[in-house]
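Residue numbers begin at 1 in each chain, while the letters A, B, ... track the order of the sequences. Given the structure is predicted, the values throughout are model-derived calculations rather than measurements. These values consider heavy atoms only, across backbone and side chains, with no hydrogens, waters or symmetry-generated copies.
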Amino acid sequence: MSLTSTSAVDPAVRFEPALMRRKLSGTVFYGLCVMAVGILLLALVMLLADVLVRGLPWLDWDFMTGGPSRRPANAGILPALVGSLMVGIIVGVVTFPVGIAAAIYLNEYASDSWVNRVLQTNISNLAGVPSIIYGILGLAVFVRLMELGSTILSAGLTLTLLILPVVIIASIEALRAVPNAQREGAYALGATRWQMVRGSVLPAASPGIMTGIILAMARAIGEAAPLILIGAFAFVTFLPNPFTGSYTVLPIQIYDWARRPQDDFAGIAAAAIIVILVLMLVLNALALILRARLSRHIQW
Amino acid sequence: MNTQLSEAPARDPSTDGGGPAIRLAGMARDHAAPETLGEPEYVVELKDVSCYYGAFRAVRNVDIKVARNSITALIGPSGCGKSTLLRTINRMNDLVPSYRSEGSILLDGQDLSSKSVDPVAVRRRVGMVFQKPNPFPKTVWENVAFGPKINGYKGDLHELVETSLRRAALWDDVKDKLQQSGMALSGGQQQRLCIARTIAVNPEVILMDEPCSALDPRSTLQIEELMAELKKEYTIVIVTHNMQQAARASDTTVFMTMGEDRAGFVVETAPTVDIFTNPKNQLTEDYVSGRFG
Amino acid sequence: MTSVPVPLTRRRPRSERVIETLLFLSAALGVLTTAGIVLVLVFQTLEFFQVVSPVEFFTGTRWSAGIRPYAWGVLPLVSGTILVATIAMIVAVPVGLLAAVLLSDYASPRVRATVKPLLETIAGIPTIVLGFFAVNFLAPQVLIPILGKQNIGTFSALSGGIIVGLLVTPLIASISDDAMRAVPRGMREGAYAMGATKFEVIRKVVFPAAISGIMASIILAASRAIGETMIVSLAVGDKPQLTFDPTESVQTMTAFIAQIAIGETAQGSVQFKALFAVAATLLVFTLVLNLLSGWVVRRFRTEY
């Protein structure tokens with residue numbers, strides 16, 4: 001049945017809609033879209049498969065509890081794993097108060113003055129600075145100026161500076177999502193601004209904020225570039241002390257092994273990758289659980 | 001709402017016929033009601049049309065005939081399915097995943113609701129103007145040229161754009177700003193731009209879904225005048241909340257309401273004069289006199 | 001009428017002001033960070049320029065920090081960076097935009113809710129893992145078999161660029177999807193009502209209407225690609241050369257910084273000072289891109 005080429009009103013106006021051709025190009029385009037997503041998902045699957053096939057044979061108890069070695073068969077990741085966890089904890093502990101405080105100031109206190117606009121623009125620009133530049137800052141400020149040395153503490157503080165902008169932006173989003181009625185409700189009871197924030201806004205925004213902080217911790221644990229400058233590149237056979245002495249972390253350990261030409265080192269690098277991916281997975285799951293628990297009582 | 005409906009006392013139509021708020025001044029200038037000319041030519045016929053969103057039946061068993069070169073108004077309370085019905089005529093609701101319709105919709109005798117008919121082809125012949133003016137974020141010229149371009153117009157595009165803008169009574173307003181963004185126009189101008197855009201693809205029927213509800217009274221009047229002009233060449237079906245508008249602008253009025261199951265149905269179809277001065281059904285009477293809805 | 005006198009003009013308690021000050025200081029930490037970055041880079045770069053002339057640095061076409069005679073022309077590092085980023089964008093822009101369209105206009109809400117987080121997972125993978133994938137899978141098992149051992153090695157701009165592209169594709173897909181979904185339904189319906197096919201609605205209405213967000217996403221992705229370190233220092237190699245041949249091994253600015261930091265370079269040496277000059281150059285590149293993306297958003301924004 002053809003509804004295409006009639007022109008009832010004005011026969012002079014002639015259309016050749018060529019609907020078949022247009023539909024065909026639409027179908028081709030849809031195919032391309034599906035292909036694009038297919039390629040991305042395929043890459044993800046291939047990556048995981050490649051890592052699992054290479055790494056699983058190496059992944060055993062000795063690998064988890066051993067230190068690095070010149071011989072792949074004897075190598076383990078315990079010092080790097082502990083180093084990564086310590087860095088993650090420092091990042092979380094410092095980011096938690098500072099990130100939330102900054103977000104509260106920018107969303108709940110700051111008036112629309114130029115000072116505050118500068119603060120806000122500055123934070124979004126910082127989010128675009130390459131991570132390795134933070135390493136240079138950390139080297140100059142924490143390692144040298146504050147004389148903390150090439151330690152886990154320096155590494156944690158450097159990564160904190162790196163992820164703070166992301167955490168602040170995510171927390172501001174969470175605070176913005178709290179309806180104004182919540183604030184007015186608290187004010188109507190005679191609360192001061194801080195009482196209002198603490199008692200009303202912050203609990204309501206906590207699921208979003210906590211999720212943001214945990215995901216940022218995951219990002220910090222996976223980050224390697226800045227730590228190259230903070231001296232994480234070491235052959236550490238002992239469990240690190242967070243405040244003194246050299247250390248290493250998982251991504252740097254992987255980097256070290258991945259650069260060696262021997263196949264066996266690729267194997268243990270893949271095994272270490274499995275460990276770090278599992279760590280990420282755990283943190284992401286934690287974020288989801290925490291979000292669900294914290295938002296149980298919130299409904300609007 | 002239903003209690004209100006049943007408890008509404010009967011009123012004498014002779015005392016408050018059109019209702020104080022309803023003026024019928026414009027109707028005298030229109031052609032005589034269709035049936036006085038004998039059986040008119042019907043462009044669109046809805047036969048036993050029901051509309052569903054998933055399991056919910058939004059409209060049930062509608063029969064409407066739309067005469068060529070007339071304006072048919074669909075009126076009725078909110079949620080009675082007027083817009084759903086209108087968007088069924090150009091298969092717009094095919095875009096809603098859970099939507100389906102039953103019955104048949106004939107355009108010049110062809111059933112356009114059948115699965116074998118391509119909705120894209122239907123929509124060129126049954127144009128639509130929306131509640132909120134929705135010009136594209138392109139120039140005025142590009143807005144009007146959009147439809148003809150995609151539909152493979154063979155002819156002088158500039159001429160067609162000018163003709164369309166003239167027919168939409170917008171040419172004088174925009175002839176010096178054809179290269180400005182269509183979104184920079186005033187609300188009323190935007191809506192006339194959307195009408196110009198619609199007639200540029202030369203449809204037979206133009207559907208209007210509350211085209212004036214976002215406009216001020218002056219722009220509303222301009223659109224109504226434009227409709228009276230357009231019906232010489234096109235057939236118009238308009239959904240409106242505004243009873244005065246239906247009374248002023250339309251030839252035939254279809255009154256819809258909804259039942260206990262919230263499914264909309266047609267209560268009464270009649271020449272507009274009759275609906276507003278001498279409704280046959282008590283529900284219509286209550287509605288047009290402002291006692292309900 | 002009498003009223004009980006309530007001290008309505010009471011000053012805010014001290015604790016409130018202390019808290020506000022603490023909150024402000026936290027927010028101001030960002031400014032300190034920025035100031036720190038700028039000061040460190042500027043001072044150290046100036047020190048570098050006392051040893052090496054800025055003219056040589058900015059116009060020289062040879063870079064050799066490891067082997068004598070040393071040469072400090074940054075252009076090979078810049079060209080290496082641009083080459084890798086260009087390859088990344090050639091991959092990421094089409095794939096990311098097509099994926100965005102699928103998410104915004106074709107996928108059902110359920111498919112979208114599954115696929116979008118999966119794509120964002122890719123962006124969350126540690127970049128060192130992606131670098132490992134480039135060296136151990138993409139180069140030896142895909143590129144070398146296709147292009148031939150004599151044409152491409154384990155380390156190439158192509159291998160690293162493709163994987164950097166994989167890293168930033170979800171960024172483009174995710175932001176562009178949001179931008180296209182923000183285009184009102186009414187605008188889509190207006191086009192459908194004139195007999196446009198879905199493809200035409202997307203190509204001629206949705207895409208142009210969302211162009212500011214789409215362009216911003218592309219620029220942000222380019223900025224990420226330029227600043228990416230771990231993938232390139234693993235997969236692209238460390239051979240600074242002024243070439244635009246994607247099968248060659250090159251060195252990017254970030255890879256040079258990593259190379260110097262890993263090596264046993266003495267902190268007062270020219271090499272170490274060069275690190276800061278290169279970092280400053282890198283920062284300027286990304287800063288320009290970030291400012292550009294802000295400008296694009298303001299300039300091309302469509303108000304619906």
Which portion of R87(B) sits near chain C, non-hydrogen atoms under 4.5 angstrom: side chain
Select one option (side chain, backbone, both, neither) describing which atoms of V129(B) are under 4.5 Å from chain C's heavy atoms. neither
Portion of P133(B) that has a non-hydrogen atom of chain C nearer than 4.5 angstrom: neither
Decide yes or no on side-chain contact (heavy atoms from CB on, under 4.5 Å) for V120(B) and Y192(C), but give the supporting numbers first. CA-CA 7 Å; V120(B) 173; Y192(C) 279 120; 6.0 Å; no
Rounded to the nearest 0.5 Å, what's the gap from CD on E200(C) to NZ on K149(B)? Could you check? 12.0 Å
What part of I150(B) lies closer than 4.5 angstrom to a heavy atom of chain C: side chain, backbone, both or neither? both
Rounded at 0.5 Å granularity, tell me how far CZ in R124(B) sits from CE in M194(C). 12.5 Å
Heavy-atom nearest pair, A193(C) first then M128(B), reads CB-CB, 3.8 Å
Tell me whether K138(B) contacts the main-chain N or O of A209(C) through its side chain, where contact means a donor paired with an acceptor under 3.5 Å. no
Shortest non-hydrogen separation from G190(C) to F136(B) and the atoms involved: C-CZ, 3.9 Å
Interatomic spacing from CD in E142(B) to NZ in K204(C) - rounded to 0.5 Å: 9.5 Å
Please check this pair: side chain of N134(B) against backbone of R188(C), looking for a donor-acceptor N/O pair closer than 3.5 Å. no
Any idea which heavy atoms bring P137(B) and M187(C) closest together, and the distance? CD-SD, 3.3 Å
